[in-house]
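Reminder, nothing fancy here: chain letters follow the sequence lines and each chain counts from 1. Quick caveat: nothing in here was measured; it's all calculated off a predicted structure.
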2 protein chains.
Amino acid sequence: MADATIRDVARRAQVSVASVSRVLNRLENVSEETRNRVTDAVRELGYVPHAGARSLSLAKTNAIGVVLPDFHGEFFSEIVRGMDREASRHGYMLLLSNVHAGSEQSANAMRAMRGRVDGLVILAPHLTEEELADAVPARTPAVLINTRGVAGGHPGVRLDNAAGVEAVADHLVSLGRKRIIHIAGAAGNIDAIERADAFKAALEKRGVAVEIVQGDFTEESGEAAIDALLKSGRKFDAVFAGNDMMASGALQALNRAGVRVPDEVAVVGFDDIPLARHIGLTTVQVHIAELGERALDRLLAILAGEEDSGGQELHKPELVIRSTTDPKARSR
Amino acid sequence: MADATIRDVARRAQVSVASVSRVLNRLENVSEETRNRVTDAVRELGYVPHAGARSLSLAKTNAIGVVLPDFHGEFFSEIVRGMDREASRHGYMLLLSNVHAGSEQSANAMRAMRGRVDGLVILAPHLTEEELADAVPARTPAVLINTRGVAGGHPGVRLDNAAGVEAVADHLVSLGRKRIIHIAGAAGNIDAIERADAFKAALEKRGVAVEIVQGDFTEESGEAAIDALLKSGRKFDAVFAGNDMMASGALQALNRAGVRVPDEVAVVGFDDIPLARHIGLTTVQVHIAELGERALDRLLAILAGEEDSGGQELHKPELVIRSTTDPKARSR
DNA sequence: ACCTGGTTTGTAACCGGTTACATGACCCAG
DNA sequence: CTGGGTCATGTAACCGGTTACAAACCAGGT
């Protein structure tokens, strides 16, 4: 026996489907009598409305599609938490699609959401502007997070990488560090690129040299990068990693090699994931959850029919100084 | 101008909707001619099928509903990652519903998924067996994770809390610890209860006393618990926290008070979140992602029509010894 | 020329809701 | 007693796909 439908309820309550629908949607113009018959029938049959059918006829799903790359660790959970908080506050659900590979797959994932969601939040720092522009279905409202350019004129929320990096440069230079290493994040990732470029520019402006080595945002890559540098005998007195995971890996490599932090080498990360606080890592604090929250908020406003500026909202991060650069901060 | 529908495509290609559907679904019996006309029309109109309508007519959504409480931190991201990995491997999406409050809300969340998903994975350690049984819509396939009892006869995947706790007891006793504190997790949470009860039983069996203090799984509660104990002047030589977050809080409180770990007090957690490795925390390794993966796997098998044992699958965790109990492990 | 069998194609019903519009009941004023 | 207004209710179309079934078509065989 299949699940009951609204017609089953109507039959049982001896009324029309229209009346059942009216009762279920709490419309006013229904007699007491009808209302009772319907609620009884609903209870007796254990009827639960079919959300899919409802969405189809209303052209409204109350779901938001979230497309994001295969993140590791806390960045993922934080941003999803931020979105979820905002979504459930407004009665929306999140439809998640983790995109593992290339642009082809991303485009498919977004298309697959047509008709399932009212709008999209897209986190795709690995796609180029064009790839993005034609992956996003034309008439679907979408908000982008940390993408390059302004693909398709969609509104976006972005992290001000330059400002964060600038603060790092200032801090390291004021500590008197002269030979600085930057471990860059995954190749092709827009955040990785922006951070590396901005860091290089910021240091050049201050007359300090940087060497950039390639990482991929994983802890292992940070560790490997430092191991390689140490082995090569290259001297350096500060390391700025493109994210906290790599900074953590770098720290481990330094500890293992007996290099004193921060006395001999200062270490700075980016993101301020919860782990950073625990290991006393100086880092750039990005309220990740807030980024997600803002993106969702903006999308919901658009769905509610509000006018959107269409612009890119910049979120300025803040430097948090801890013991990997400041010995006095060691206590915690 | 609204999004194109299959009928628009049919009109443009001068064929029937049936033919368009056949082309889109790669059925064999379509002439070369028709196929080309359709693909051209699809391209020209930028047509993307409406997944919602498709699901309705096929009674298949290719989505799995995930209901879980408002988790903090890495447990959440790990379990979702595990599920997502398995889901996307099989062409499914995840519809997330974070349930913040009581049983009423949970029931609503699950009902709201009817017609949007093909099955449910439910993580509800805070609900009683009855609450769960009547929150889950009758004819929706569902797999439970870490719930009490066998609500509604749904298959489940569970963590063998007793086995993990047993190992902790063994370890602490073999280290010669005699005055042991357990910081319990959130009241009413089945995992918290199982761990506390099993730990008490295991220690009694070994003739060692335990004192149980109440926490709520947050880092702050772990910190507060230890602060209170230290202030009260109570003596103890080991702390076993109901999860890693509380253990981390406990560690911080001990460090701040100048208590040496593990010499004076040994500390053990539960879960093995990534952070644990970084702070050298001895803990019970759960492989959270695998739990999610298994639950999803099982659900997909049921959806594929396979016979399910209907039983509760127990996952045995393993003790990982690090420097908060073993000085020799301090290196990492 | 006609029948047969196989293939391609189109029509229309269906999935499970919502809702515009028509209908009928009822009440009150004239 | 009739006409007009209000209100509750029902009928049927619609949302955008899929697909059973029937019709049309095209050979090949006799």
Side-chain angles (χ1 to χ4, degrees), chain A residues 1-38 41-42 45-63 111-118 137 139-140, chain B residues 1-38 41-42 45-63 111-118 137 139-140:
Chain A
M1 162 224 25
D3 268 339
T5 73
I6 198 174
R7 289 175 229 266
D8 297 328
V9 175
R11 198 169 313 127
R12 173 133 198 160
Q14 312 252 48
V15 298
S16 73
V17 293
S19 292
V20 177
S21 179
R22 285 189 273 256
V23 171
L24 293 173
N25 294 297
R26 325 209 129 67
L27 298 191
E28 285 309 320
N29 49 345
V30 195
S31 71
E32 192 65 17
E33 160 81 8
T34 304
R35 186 177 305 279
N36 290 336
R37 306 230 322 236
V38 170
V42 164
L45 293 173
Y47 170 73
V48 177
H50 188 289
R54 186 154 204 274
S55 317
L56 180 58
S57 104
L58 291 177
K60 179 96 172 62
T61 62
N62 282 298
R111 290 193 217 300
M113 289 198 164
R114 147 110 214 264
R116 290 177 180 293
V117 301
D118 295 330
R139 317 209 5 108
T140 311
Chain B
M1 159 226 28
D3 267 339
T5 74
I6 197 173
R7 288 173 229 267
D8 297 328
V9 175
R11 199 169 311 126
R12 173 135 197 158
Q14 313 251 49
V15 299
S16 73
V17 292
S19 292
V20 176
S21 179
R22 285 189 273 255
V23 170
L24 292 172
N25 294 295
R26 326 208 128 66
L27 298 191
E28 284 309 321
N29 48 345
V30 195
S31 70
E32 191 65 16
E33 160 82 9
T34 304
R35 187 177 305 276
N36 291 335
R37 308 248 296 260
V38 170
V42 164
L45 294 173
Y47 169 75
V48 178
H50 188 288
R54 186 154 205 274
S55 312
L56 180 57
S57 113
L58 291 178
K60 181 95 173 63
T61 62
N62 283 298
R111 290 193 217 300
M113 290 203 165
R114 145 114 216 260
R116 289 175 180 291
V117 300
D118 296 331
R139 320 216 357 114
T140 311

Starting at the 5' end of DNA chain D and moving along, which residue's nearest nucleotide shows up first, A:Val15 or B:Tyr47? A:Val15
Examine distances only and state if a side-chain atom of A:Ser55 and a backbone atom of A:Ala51 form a donor-acceptor pair shorter than 3.5 Å. yes
Please check: side-chain N/O of B:Arg37 versus main-chain N/O of B:Ala13, any donor-acceptor pairing under 3.5 Å? yes
Report yes if some heavy atom in the side chain of B:Arg114 is under 4.5 Å from a heavy atom in the side chain of B:Thr140; otherwise report no. no
Hey, which of these two, A:Asn29 or B:Ala51, hits DNA chain D nearer its 5' end, going by closest nucleotide? A:Asn29
Does B:Asp3 form a side-chain contact (heavy atoms from CB on, under 4.5 Å) with B:Tyr47? I'd like the steps, not just the answer. CA-CA 7 Å; B:Asp3 267 339; B:Tyr47 169 75; over 6 Å; no
Reading DNA chain C 5' to 3', which nucleotide is the first, and which the last, to come under 4.0 Å of any heavy atom in chain A? C:dG16 to C:dT19
So, does A:Arg35 use its side chain to make a donor-acceptor pair with the main chain of A:Arg26 at under 3.5 Å? no
Is the shortest side-chain heavy-atom distance between A:Leu24 and A:Ser21 below 4.5 Å? no
Taking the side chain from B:Asp8 and the backbone from B:Thr5, do they hold a donor-acceptor pair closer than 3.5 Å? yes
Interatomic spacing from CZ in A:Arg7 to OG in A:Ser16 - rounded to 0.5 Å: 10.5 Å
Contact residues, residues 53-63 of chain A to DNA chain D [heavy atom, < 4.0 Å]: A:Leu56, A:Ser57
Would the distance check show the side chain of B:Arg116 and the main-chain N or O of A:Gly52 forming a donor-acceptor pair, the cut-off being under 3.5 Å? no
Atom-pair distance (CZ on A:Arg11; C1' on D:dG10), nearest Å: 15 Å
Rounded to whole Å, CD of A:Glu33 lies from C1' of D:dC7 at a distance of 16 Å
5'-most contact on DNA chain C (nearest-nucleotide basis), B:Thr34 vs A:Gly52, goes to B:Thr34
Side chains of B:Asp118 and B:Lys60: does their closest heavy-atom pair fall under 4.5 Å? yes
Can you list, in residue-number order, the parts of residues 16-24 of chain B that come under 4.0 Å of DNA chain C, counting heavy atoms only? B:Ser16, B:Val17, B:Ala18, B:Ser19, B:Arg22
Taking atom types as modelled and ignoring hydrogens, do the side chains of A:Asn62 and A:Arg54 form a donor-acceptor contact shorter than 3.5 angstrom? no
